[in-house]
Amino acid sequence: MPVNKVVQSFDKAIADIGDGASIMVSGAQGPLGVPRNLLLALRRKGVHNLTLITATGYRSVSAARFYGFPHAEDWIDHGILIDNHQVSKVICAMAYVPGRDSILQKQYEAGEVELEHLGHGPFIIRMWAGAAGLGGVYQPVGIGTILEQDKEKRVIDGREYLLEMPLTADFALVGADKADSYGNLVYKGTGRQYGPIMAKAARVTIAEVDEVVEPGGLAPESIVTPGIYVQKVVRAPPEVCK
Amino acid sequence: MPVNKVVQSFDKAIADIGDGASIMVSGAQGPLGVPRNLLLALRRKGVHNLTLITATGYRSVSAARFYGFPHAEDWIDHGILIDNHQVSKVICAMAYVPGRDSILQKQYEAGEVELEHLGHGPFIIRMWAGAAGLGGVYQPVGIGTILEQDKEKRVIDGREYLLEMPLTADFALVGADKADSYGNLVYKGTGRQYGPIMAKAARVTIAEVDEVVEPGGLAPESIVTPGIYVQKVVRAPPEVCK
Amino acid sequence: MKERLDEQTMALRVARELQDGWYVNLGFGIPALCTNFIPENKTIFFFAENGLLGFGRNADYDEAGRLGWRYVDAAAHPVLPVPGMAVFDYAEAFDMIRGGHIDCTVLGGLQVSGKGDLANWRLPIYKGKGGTIGGAMDLAACCKRVFVVMTHTEKSGKPKIVRECTYPLTAKGCVDLIVTDIAVIRVTERGLTLEETAPGWIAAEVQELTEASLEVSPNLRVMEL
Amino acid sequence: MKERLDEQTMALRVARELQDGWYVNLGFGIPALCTNFIPENKTIFFFAENGLLGFGRNADYDEAGRLGWRYVDAAAHPVLPVPGMAVFDYAEAFDMIRGGHIDCTVLGGLQVSGKGDLANWRLPIYKGKGGTIGGAMDLAACCKRVFVVMTHTEKSGKPKIVRECTYPLTAKGCVDLIVTDIAVIRVTERGLTLEETAPGWIAAEVQELTEASLEVSPNLRVMEL
């Protein structure tokens, strides 16, 4: 059978995601790379107790306002799952600005949501360790800070390091520019961001892309995420958000 | 001053490499990616006591024969430095086939050369740890094998891992397809191989390329090795080896 | 002497285990011959540890020259690109292996033990640090499935399927399936199960040439070739 | 009250420290203003931790729209591409930081200690797990040089250059240079050295507003602006 990873609807693409799943979602800076329609499908489905592994613990409404997008209040990113109370744990690089009316802060302080606030480098290196099959890595960031808590510290060659454990997930939802039907992905500009690392770190990766091409439609050297890391591809309708 | 990393001769490009330097050299499979002219310059210069960090401990004459290249016996790769007795230590993924008249084997058994034979994954992950500023990584390959020797073993989540330490070098010599004058590199086909990881892991990277273009001559998304990892660029004369 | 399967036929048999859509690594030697036996209605993505996924057949010298030796596999053989192929570097390739993303590796073997230990990277006669480990340990330790294809015995007649490996180990407990020139043997938690014999061979004759003990499958059958 | 430098002037002063050919990260706020003060004869490659190296000035809404919001910096501001720019992913970006490949980061600060400890990611009033660490700890701990640009005191007048940081730490002993609205102070192994004062300020007045003790450089001079 010719392999074809293209799925015809967003609801079908996320059909296997159930209550209690762990999910990495790309997106943080700018409108590119956010798998908006997959997130909307997940909100429609209403699954609960999700573990959300994302850059931030909030919806980037202020960024959307900055861009001057009409309807910035309706900005869609991973934050909609927190806002909709579908998340029971957040693992992120940036949690929230205390006191700035954060929905996550309220849920966290009410005991509704568990929070792991990692900082950016540790967030990324843990996903990388998960993607690359490592048992753990010693990294130098966070010495003398709150990140030391509960972590093994070790001096190697005269420098201090913290042991970080691998982070994987049941699913990754990533936004990309183009896919072929084998799941090979290319990204546009800084829309690349977390796509490559999350696609590698999750067991099942679902990509929302602007364009689907036949195998051969992407030059072999230009492929950023090889199809081995991608299980499903779904095409976004043109220009939902602008 | 406009930054321009292009150097006009191979001898100038390697001028800073002295006795006792550690050097990573790309190349192993096929003719692409081998920095032939930099290696020839290093042989001309006659520096000694080099630590050579390369895929193999031999010159790929048999591969060259297989390709049907004329003068396969004169095949140029990192092996010429071993053949010329300029190397006092080899760190590699594949050392030699015992008994097959290997020059490294003779030098090693005569006590002339020190040898670290790592296997491929550990070879690469150690360079990666060096490139990425890690203190060490726990990786699962080599359990129950000779690779366990002298390594810390640790059970994490029920699986055994070995601790690998970072590997860096004073210099990397890499072969690439094109560079711009800022040192951004792109590679052709499987000529990519070790270029990206060695360029990141060494303190000074010298790239031998088939073509030099102005900044802007490479699309931002197409760049594989960003110029931050590359200190010098030198253009190869057309088609020395075929 | 009874007739044994030739290398092509062994490759044919193991190739039949490869499932549609799998990402598969083939070792040097007999494993590499599997490419000749993938039916048209199956898509297998072949992986080369030097940074290729989904490549085509070997290129001859002229074809390679026309392509500027642009794509070679891990054995340094030039290959043809096919639509949907991806190129990357060694670091990405070994992340794929170590991260458990490769569905299957087919490897040659010098010895396989009753527990599925594999020895395939060096003969034990040499005692020094040398040899060529390469990617063998990574592939054997980390791929989702490890299939070994090899002659059932050494040229001297010495069994290669043994109680304990005496040759330098590649990885412990990694082998899932052994295809030889006289049998197909599955490795399970309970040990080795003889599932198929080559035409003309019976279970007792296979056991005779095997040092480790074989459990005979209730569904033992003759290989279909 | 004596006149202090405004934000643009602080940025001008710290920007003068950036050397031709450096790869430089600029934090949010005052550090980001440095882009306005790079002379034409200097090439500085600006790094954004979301995967950009060598980008140009901020794009306005129309420019960003025409570019399809293709390039944004770590603060989510659209930027213009310039020739020689490279794009990559977060993993590569943090390898660059952690691997010590970035020549310099210019960061804002809440507190800097006499030993060069930096606190800049969260006010201490909040006790929970929240806040936005982001890449601050990585940049401060791993870049080759860390320059801090900040007002010399809090709005209340409380010194920000202190004996020991009381705010949550970003990184220990990381700061090389502090540029404030009244002084330039270098951090060495011996402590803090006052190298420059803003026009109209003398060393004793700067020390007055500084909790940590300052050694006055024998070459103390007035900032050239």
Side-chain angles (χ1 to χ4, degrees), chain A residues 26 28-32 55-58 60 62-64 66-68 92-99 102 104-105 108-109 115-125 127-128 131 139-147 160 187-198 200 224-225 242, chain D residues 48-52 55 60-62 64-65 67-79 81 85 87-95 97-98 100 117-119 121-123 125-142 165 168-174:
Chain A
S26 69
Q29 270 76 25
L32 297 183
T56 68
Y58 43 82
S60 291
S62 60
F66 173 85
Y67 303 140
C92 65
M94 294 167 273
Y96 51 80
V97 182
S102 152
L104 176 60
Q105 181 176 6
Y108 165 61
E109 290 177 352
L115 175 60
E116 279 190 51
H117 181 202
L118 302 181
H120 224 140
F123 177 68
I124 288 161
I125 202 77
M127 288 195 285
W128 187 82
Q139 64 82 22
V141 175
I143 299 294
T145 78
I146 60 157
L147 292 190
E160 290 179 300
Y187 304 85
K188 191 186 280 180
T190 43
R192 194 179 301 190
Q193 29 131 326
Y194 300 99
I197 184 66
M198 289 180 169
K200 282 173 74 166
V224 174
T225 294
K242 285 174 209 165
Chain D
E49 67 215 57
N50 58 320
L52 271 187
F55 56 94
D60 63 32
Y61 185 77
D62 289 340
L67 284 166
W69 304 87
R70 190 168 188 131
Y71 307 112
V72 302
D73 68 16
H77 297 172
V79 296
M85 183 176 79
V87 178
F88 35 91
D89 74 342
Y90 265 106
E92 184 73 55
F94 277 81
D95 285 357
I97 299 172
R98 201 187 314 100
D117 296 351
L118 172 66
W121 73 274
R122 201 182 64 193
L123 291 167
I125 35 170
Y126 178 75
K127 299 293 180 200
K129 262 192 191 171
T132 53
I133 301 174
M137 290 189 184
D138 302 87
L139 290 158
C142 299
C165 293
L169 225 53
T170 304
K172 283 200 300 185
C174 62

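Throughout, a chain's letter reflects where its sequence line sits, starting with A, and its residues are numbered from 1. Values below: all heavy atoms of this structure, side chains included; hydrogens, waters and symmetry mates excluded.
- Proximity of A:E160 to D:K172: side-chain heavy atoms (C-beta onward) are separated by under 4.5 Å at one or more points.
- A 4.5 Å side-chain heavy-atom check between A:H120 and D:Y90 finds at least one atom pair inside the cut-off.
- Remark: D:D95 CG to A:I125 CD1 distance equals 6.0 Å, nearest 0.5 Å.
- Note that OH of A:Y58 is 6.0 Å distant from OG1 of D:T132, once rounded to the nearest 0.5 Å.
- The distance from atom CD of A:Q193 to atom CZ of D:F88, rounded to the nearest 0.5 Å, is 13.5 Å.
- Between A:P140 and D:A141, the shortest heavy-atom contact is O-CB, 4.4 Å.
- D:A64 does not touch chain A: none of its heavy atoms, backbone or side chain, sits under 4.5 Å away.
- Top candidate by heavy-atom pairs under 4.5 Å with chain D, chosen from A:A93, A:A131, A:G121, is A:G121.
- For D:Y61, the part sitting under 4.5 Å from any heavy atom of chain A is the side chain, from C-beta outward, and nothing else.
- Using a 4.5 Å cut-off between heavy atoms, A:Q105 contacts chain D through its side chain alone, with no backbone atom that close.
- In terms of heavy-atom pairs under 4.5 Å with chain A, the best-connected choice from D:A74, D:P78, D:C142 is D:A74.
- Residue contact with chain D, scored on non-hydrogen atoms closer than 4.5 Å, involves the side chain of A:Y108 exclusively.
- At a 4.5 Å heavy-atom cutoff, the contact between A:I143 and chain D is made by backbone and side-chain atoms alike.
- Using a 4.5 Å cut-off between heavy atoms, D:D117 does not touch chain A at all.
- A:M127 CE to D:F94 CZ: the interatomic distance, rounded to the nearest 0.5 Å, is 10.0 Å.
- Nearest heavy-atom pair across D:Y71 and A:G189 is CE2-CA, 3.6 Å.
- Side chain of A:T190 to backbone of D:V72: a donor-acceptor contact under 3.5 angstrom is found.
- The choice from A:V141, A:I146, A:L147 that makes the most heavy-atom pairs within less than 4.5 Å of chain D is A:V141.
- Between the A:H117 side chain and the D:I133 main chain, a donor and an acceptor come within less than 3.5 Å of each other.
- Contact count versus chain A (heavy atoms, under 4.5 Å) is highest, among D:A119, D:G51, D:G134, for D:G134.
- Between chain D and the options A:S102, A:G144, A:G191, the largest number of non-hydrogen pairs under 4.5 Å is found for A:G144.
- Shortest non-hydrogen contact noted between A:P122 and D:D138 is CD-OD2, 3.7 Å.
- In this structure, no portion of D:E92 lies under 4.5 Å from any heavy atom of chain A.
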